[in-house]
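Quick notes on the structure that follows.
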Amino acid sequence: MNYALIIAGGSGNRMGQDIPKQFINVYDKPVLIYTLESFQRHPMVDAIIVVCLDGWHDVLRAYAHQFNITKLQAVVSGGKSAQESIRNGVYALEGRAGDGDIIIIHDGIRPLVDDTVLTDVIQKAQTYGNGVTSLPYNEQIFIVNPDDENTTRQYIPRETLRRVSTPQAYQFRRLDEAYHEAFEKGIGIHGSAYTNTMMVELGETLHFAAGSDKNIKLTTKDDLEMFKGYMKMDKDTWLK
């Protein structure tokens, strides 16, 4: 089976709203529901688990019922950090997911995930044990001069870089073992760490899957306006 593990445990303070950003309504539908609909309609996704902010579980279940998210199997409480929230979701799959089942981890505030991106990341995980959504980096990256932060003498060739985000997919047994090891040893769980960075710190080789520039993360008000723009925009027939 393929499980979608949707991380929606954040409070969304940077958005500056009265409610968590994943529950902000856009055209009469919460952002999180747009995200869940992508997994609901995808034929390779069998079940959905949502890691949700405490106090919002019943709201989520009500919205899932209203918008016919029938694949939702469980709602799990989030933690104090992204890594704690993901860990809680992974541990909730113990006794439910089989060793070779695929767990697709995705941010609840990335509502524009394409079907093709989901398909590729799942297939990569089935073949190699994991798959991480990625895109080439198209800007030049320079390293700040340690003697003068306003200057630089060194750059990183952009051909050597990839932007990695969610969705990410992993076979369950290795994912579960990795989270137990990481939290027991304090490896890859601090600061901005996520599953992909944790896996690398634990010595795992990651496999790139397809990405999409449209797969934006709604962190600020500007991101929210961009999402609204995407929702309004008609697809141009001459664009592929």
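Side chains are part of it too, since the values below use all heavy atoms of this structure and drop only hydrogens, waters and symmetry mates. Fair warning: this is a prediction, and the values are worked out from it, not measured in the lab.
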Is it true that [X] and [Y] fall in one hydrophobic cluster, defined by side-chain heavy atoms closer than 4.5 Å?
| X | Y | value |
| --- | --- | --- |
| Tyr194 | Ile104 | no |
| Ile102 | Val164 | no |
| Phe39 | Val76 | no |
| Ile103 | Leu72 | no |
| Ile122 | Leu135 | no |

[X] and [Y]: which non-hydrogen atoms are nearest, and at how many Å?
| X | Y | answer |
| --- | --- | --- |
| Ala74 | Arg96 | CB-NH2, 3.9 Å |
| Met198 | Ala178 | CE-CB, 3.9 Å |
| Gln154 | Thr152 | O-OG1, 3.2 Å |
| Met199 | Leu206 | CB-CD2, 3.9 Å |
| Gly89 | Val51 | CA-CG2, 3.8 Å |
| Pro111 | Ser38 | O-OG, 4.0 Å |

Is [Y] close to [X] at the side-chain level, that is, under 4.5 Å between some pair of heavy atoms?
| X | Y | answer |
| --- | --- | --- |
| Leu175 | Ile105 | yes |
| Ile6 | Leu32 | yes |
| Ser165 | Arg110 | yes |
| Phe142 | Ile156 | no |
| Thr195 | Gln83 | yes |

Mind checking the [atom1]-[atom2] spacing from [X] to [Y]? Nearest 0.5 Å is all I need.
| X | Y | atom1 | atom2 | value |
| --- | --- | --- | --- | --- |
| Ser77 | Glu84 | OG | CD | 12.0 Å |
| Ile7 | Thr35 | CD1 | OG1 | 12.0 Å |
| Arg158 | Tyr137 | CZ | OH | 11.0 Å |
| Tyr63 | Leu36 | OH | CG | 12.5 Å |
| Ile19 | Asn25 | CD1 | CG | 6.5 Å |
| Arg41 | Ile69 | CZ | CD1 | 9.5 Å |

[X] side chain to [Y] main-chain N or O, any donor-acceptor pair under 3.5 Å?
| X | Y | value |
| --- | --- | --- |
| Thr133 | Ala209 | no |
| Gln171 | Ala125 | yes |
| Gln22 | Ala8 | yes |
| His207 | Gly129 | no |
| Gln40 | Lys71 | yes |
| Asp46 | Met1 | no |
| Asn215 | Asp114 | no |
| Glu204 | Glu201 | no |
| Thr127 | Gln123 | yes |
| Asp107 | Ile109 | no |

Q. Under 6.0 Å between ring centres, would you say that holds for Phe172 and Tyr3?
A. no
Q. Do Asp223 and Thr220 have side-chain N/O donor and acceptor atoms under 3.5 Å apart?
A. yes
Q) For His42 and Thr119, does a side-chain donor sit closer than 3.5 Å to a side-chain acceptor? A) yes
Q. Charged N to carboxylate O below 4.0 Å: is that the case for Arg173 and Glu177?
A. yes
Q.
For Met231 and Leu112: C-alpha separation, side-chain torsions, deciding distance, then whether side-chain contact (heavy atoms from CB on, under 4.5 Å) applies.
A. CA-CA 9 Å; Met231 296 304 298; Leu112 293 172; 4.2 Å; yes
(Q) Ring-plane angle category for Trp56 and Phe23, please: parallel below 30°, perpendicular beyond 60°, tilted otherwise. (A) parallel
(Q) Using side-chain contact (heavy atoms from CB on, under 4.5 Å), reason through Gln126 and Met44 one step at a time and then give a plain yes or no. (A) CA-CA 12 Å; Gln126 289 172 334; Met44 294 179 73; 4.1 Å; yes
Q.
side-chain contact (heavy atoms from CB on, under 4.5 Å), that's the test. Do Lys124 and Val132 meet it? Break it down for me.
A. CA-CA 8 Å; Lys124 287 292 192 303; Val132 293; over 6 Å; no
Exceeds 12 heavy-atom contacts within 6.0 angstrom, atom [atom1] of [X]:
| X | atom1 | result |
| --- | --- | --- |
| Tyr91 | OH | yes |
| His65 | NE2 | no |
| Glu139 | CD | no |
| Tyr27 | OH | yes |

Q | Pair Arg174-Leu202, side-chain contact (heavy atoms from CB on, under 4.5 Å): steps then yes or no | A | CA-CA 11 Å; Arg174 178 60 189 130; Leu202 291 173; 4.1 Å; yes
Q) Does the salt bridge (charged side-chain N to carboxylate O under 4.0 Å, His left out) test come out yes or no for Arg163 and Asp213, once each step is laid out? A) CA-CA 10 Å; Arg163 291 185 286 144; Asp213 282 316; 2.9 Å; yes
